[in-house]
Amino acid sequence: MSGADGYSVLFEPVQIGPVSARNRFYQVPHCNGMGHLRPQAEAAMRAMKAEGGWAVVSNQETEIHPTSDLSPYAENRLWDERDIPALRLMTDAVHAKGSLAAIELAHNGHHAQNHLSRAPLLGPSELALQTAYPKQARAMDKSDIREFRKWHRAAARRSREAGFDIVYVYAGHHMTLPHHFLLPQFNDRTDEYGGSLENRVRLTRELLEETREEVGDECAIALRFAVDEMLGSDGMQAQEEGRAVVELLADLPDLWDVNVADWSNDSATTRFEPRDGFQTSYIEFVKQVTSKPVVGVGRFTSPDLMVSLVRKGILDFIGAARPSIADPFLPNKIKEGRIEGIRECIGCNICVSSDALGVPIRCTQNPTMGEEWRRKWHPEIIESRGKEEAALVVGSGPAGLECAMQLARRGYDVTLAEAKQELGGRVLQESGLAGLSAWRRVTDHRIYDLQQRGNVQLFTDSSLSASEVVELGIPNVFLATGASWRRDGRGKSAFRGVSIESGSQVFTPDDIMSGVMPGDGPIMVYDDDQAYLGGVLADHLAQAGREVVFVTPASMVSPFTELTLEQVKVQRGLLEKGVRLVLSQTLVEITPGLAKVQCAYTGREQSVECASVVLVTQRARETALYEELRNLPDKPLTSLELIGDAANPGLIADAVYSGHMAARNFERDAGDIDREFFRREIVSLESA
Ligand code: ADP
Ligand code: SF4
């Protein structure tokens, strides 16, 4: 299918109860680390989605009462009427751009920890917190349930006062009381709220009915429901109880927002769920059971897939959290036939990590995400160039490509030089590893964009020396020369590196990523980086049929991946592939055929047999060219800036951000940059 006309079905208006959505693009609720702590930032971020064409823009989990306190995470809050003005910022901003605003009311039961409120924890049954904190929820008695229903009703009323058009009842992700009541894994009650499915669904039904009584004349009522727990016969399955729930409640809500539980399955990364539309087989029955509109998700970025889901009668709305984060203007780009311009989500879950860290959302693909209010960055608009005319970017990793693309958009004549034969830097390397192929979208998007522009020259196979840079005669230079993995073992656990006897077979991630395969015998992957790459490399080598021993000072595999909802899947995957895990051990010495490791707690040593070792420890910045240029006596350059991993090794998201920042700040007054680091939402000193 080609041309915007083929996609016109996506731009039909759809009625949701008493409100009408202008098209079929629906940003489902998603966390963002802003919430009640940074309401202006959240309002501006949501408004950007509306401006980009999302007909419905939802907020995130909204705590309805102090017994559902998600602190320290920055979710939304509607404990009482004093929280309305902060939410009103969002609804006004979304309405100003012509979209509907939805609120996801949530009581998180024992998923909340109530660390701030110190209120009692509530659940359908006696339930221990799933975190390591020693607290338990008490089984709600009938008066607790009545109270909860009152809180929900009051929150619905306040939602309308705050200007929301759609009010959610949320029974999903294993995260909320209605869901906990629905599932036998949390509910062993013997009264009318437990036992049979009719009983377990009672609370959700009551909430839907009461929300309708309260606001149904003006607001649509949405039910967010996980049709499948992805636990096979150990949990709710789409074709059995999942379907039965939809049958029982079929036309009670005005809209069904359906997905799978838990959150790690709903927001699966491409590493573990590479298919766009991966939830379709679970949710496709819903529209056969209800006459109400249905929204579903599945990392949709292909307009052809979207059209086919609508035409086949599977979805009324194309739901998205992550694709709307990576590209808030996805709907408008489809409408305008600019399909190639879509910045496709790579499914890395760096956005999710910010929620877990309690900081404003960020995105690998979209460096402006989270910066709409505090830096006034717009994903599609950038200031035109100043008096300078040309810029040279050295290095074509994520930092260099992003910097070059934004400089070109600003109107500079851009020259980009890359030493290797192919553009892409670390993204090219990492996306060649098992499970990471979708990451290639980071470079594909930018290279395509650069290739379309008349003011850009791209050179590969062009390793530049300082004198060559000067000879080019381009006075403004951005060095995105990257970083390479160390070969000496220096890292978190070994500031001075590890002892390596000559003759030992030692490799770095760069070796493996450039196609080197260690010789016969067991390979030790030593992961002192503790992020994602060590686990990916171990998996990659195991998939290549190699015997792998994974050693790390951490007490689990790849602890960083807890932030991206992947850790359990990473560790399970290595165990299933027969990788031997040696946890809480620090590498001290490598000799041919043997490595000596030390318990991270007691220092007790043991030997691990291995023919070779891959050291995943720390990276060394590539700064030689920078130092040479910086120290040239006659100062031939007007500006010189080191960006990306060469400046500060980090995530790909950090490199993209750094390249973007450098391009935005080029020719800005240094004093302004310093003064306006970013706008902050400072806590009011008024007592409320
Ligand atoms: P980042 O993540 O900061 O973008 P990468 O490590 O991904 O950095 O990419 C750096 C790129 O810079 C690599 O592809 C490397 O080949 C290239 N590079 C490094 N030094 C030079 C140089 N002197 N001339 C041209 N390219 C260079
Ligand atoms: Fe997609 Fe990664 Fe951006 Fe999240 S951070 S929206 S997963 S590209």
Side-chain angles (χ1 to χ4, degrees), residues 30-32 267-271 273 299 301 320-328 330 343-355 361-370 392-404 415-431 438-439 441-443 445-446 459-469 472 477-485 509-510 513-514 563-566 619-626 628-629 642-660 662:
H30 71 75
C31 299
N32 54 75
S267 288
T269 57
T270 41
R271 184 170 168 192
E273 189 40 271
R299 265 195 341 259
T301 53
R322 291 174 293 175
S324 76
I325 294 167
D327 198 338
L330 182 146
R343 236 181 352 263
E344 291 182 294
C345 168
I346 69 167
C348 62
N349 278 5
I350 292 306
C351 50
V352 171
S353 74
S354 31
D355 176 61
I361 188 167
R362 61 218 51 204
C363 168
T364 303
Q365 273 285 53
N366 175 11
T368 68
M369 177 47 51
L392 169 68
V393 178
V394 181
S396 70
L401 287 175
E402 174 69 14
C403 184
T415 303
L416 181 128
E418 166 56 52
K420 301 222 173 81
Q421 285 173 349
E422 210 178 330
L423 301 173
R426 64 180 287 192
V427 171
L428 186 66
Q429 288 186 301
E430 293 181 32
S431 63
W439 291 19
R441 292 170 169 185
V442 173
T443 48
H445 170 74
R446 290 166 174 81
F459 296 98
T460 51
D461 226 346
S462 304
S463 175
L464 295 186
S465 64
S467 56
E468 286 165 331
V469 168
L472 281 171
V477 178
F478 295 86
L479 295 180
T481 44
S484 49
W485 287 93
D510 293 316
M513 290 190 286
S514 54
L563 298 174
T564 55
L565 308 176
E566 294 172 295
R619 284 182 289 164
R621 300 187 294 130
E622 298 289 352
T623 56
L625 180 58
Y626 176 67
E628 234 186 299
L629 285 168
L642 192 64
I643 61 173
D645 283 297
N648 285 98
L651 295 167
I652 292 171
D654 299 319
V656 172
Y657 185 75
S658 162
H660 190 92

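As the structure lists them, so they are numbered: ligands from 1, and atoms in each ligand from 1. In this text, all values refer to a predicted model and were calculated from it rather than measured experimentally.
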Applying side chain to side chain contact (heavy atoms under 4.5 Å, CB included), run through L472 and L464 and close with a yes or a no. CA-CA 10 Å; L472 281 171; L464 295 186; 4.0 Å; yes
Give the intermediate values and the outcome of side chain to side chain contact (heavy atoms under 4.5 Å, CB included) for residues I346 and I652. CA-CA 12 Å; I346 69 167; I652 292 171; over 6 Å; no
Give a yes or no on whether the backbone of E622 and the side-chain of T481 come within a donor-acceptor separation of less than 3.5 Å. yes
Every N, O or S from the protein that is nearer than 2.8 Å to atom 4 (Fe) of ligand 2: C351 SG
What is the distance from atom CG of L401 to atom NE2 of H660, rounded to the nearest 0.5 Å? 14.5 Å
Can a donor-acceptor pair be found, under 3.5 Å and without considering hydrogens, that links the side chain of N366 to the backbone of D327? no
State the CG-CG distance between L423 and L428, to the nearest 0.5 angstrom. 8.5 Å
Just verifying a value: how many Å separate R446 CZ and C403 SG, rounded to the nearest 0.5 Å? 11.5 Å
Between ligand 1 and the protein, find all N/O pairs closer than 3.5 Å and give the distance for each.
from: ligand 1; atom 1: 2 (O); to: D645; atom 2: OD2; distance (Å): 2.4
from: ligand 1; atom 1: 3 (O); to: D645; atom 2: N; distance (Å): 2.7
from: ligand 1; atom 1: 4 (O); to: P398; atom 2: N; distance (Å): 3.1
from: ligand 1; atom 1: 4 (O); to: A399; atom 2: N; distance (Å): 2.8
from: ligand 1; atom 1: 7 (O); to: R426; atom 2: N; distance (Å): 2.7
from: ligand 1; atom 1: 12 (O); to: A480; atom 2: O; distance (Å): 3.3
from: ligand 1; atom 1: 14 (O); to: E418; atom 2: OE1; distance (Å): 2.8
from: ligand 1; atom 1: 14 (O); to: E418; atom 2: OE2; distance (Å): 3.0
from: ligand 1; atom 1: 16 (O); to: E418; atom 2: OE2; distance (Å): 2.6
from: ligand 1; atom 1: 23 (N); to: L464; atom 2: O; distance (Å): 3.0
from: ligand 1; atom 1: 24 (N); to: L464; atom 2: N; distance (Å): 3.0
from: ligand 1; atom 1: 26 (N); to: A419; atom 2: N; distance (Å): 3.0

Output the distance between atom OG1 (T364) and atom CD1 (I350), rounded to the nearest 0.5 Å. 5.0 Å
When rounded to the nearest 0.5 angstrom, what distance separates CZ in R322 from NE2 in H30? 11.0 Å
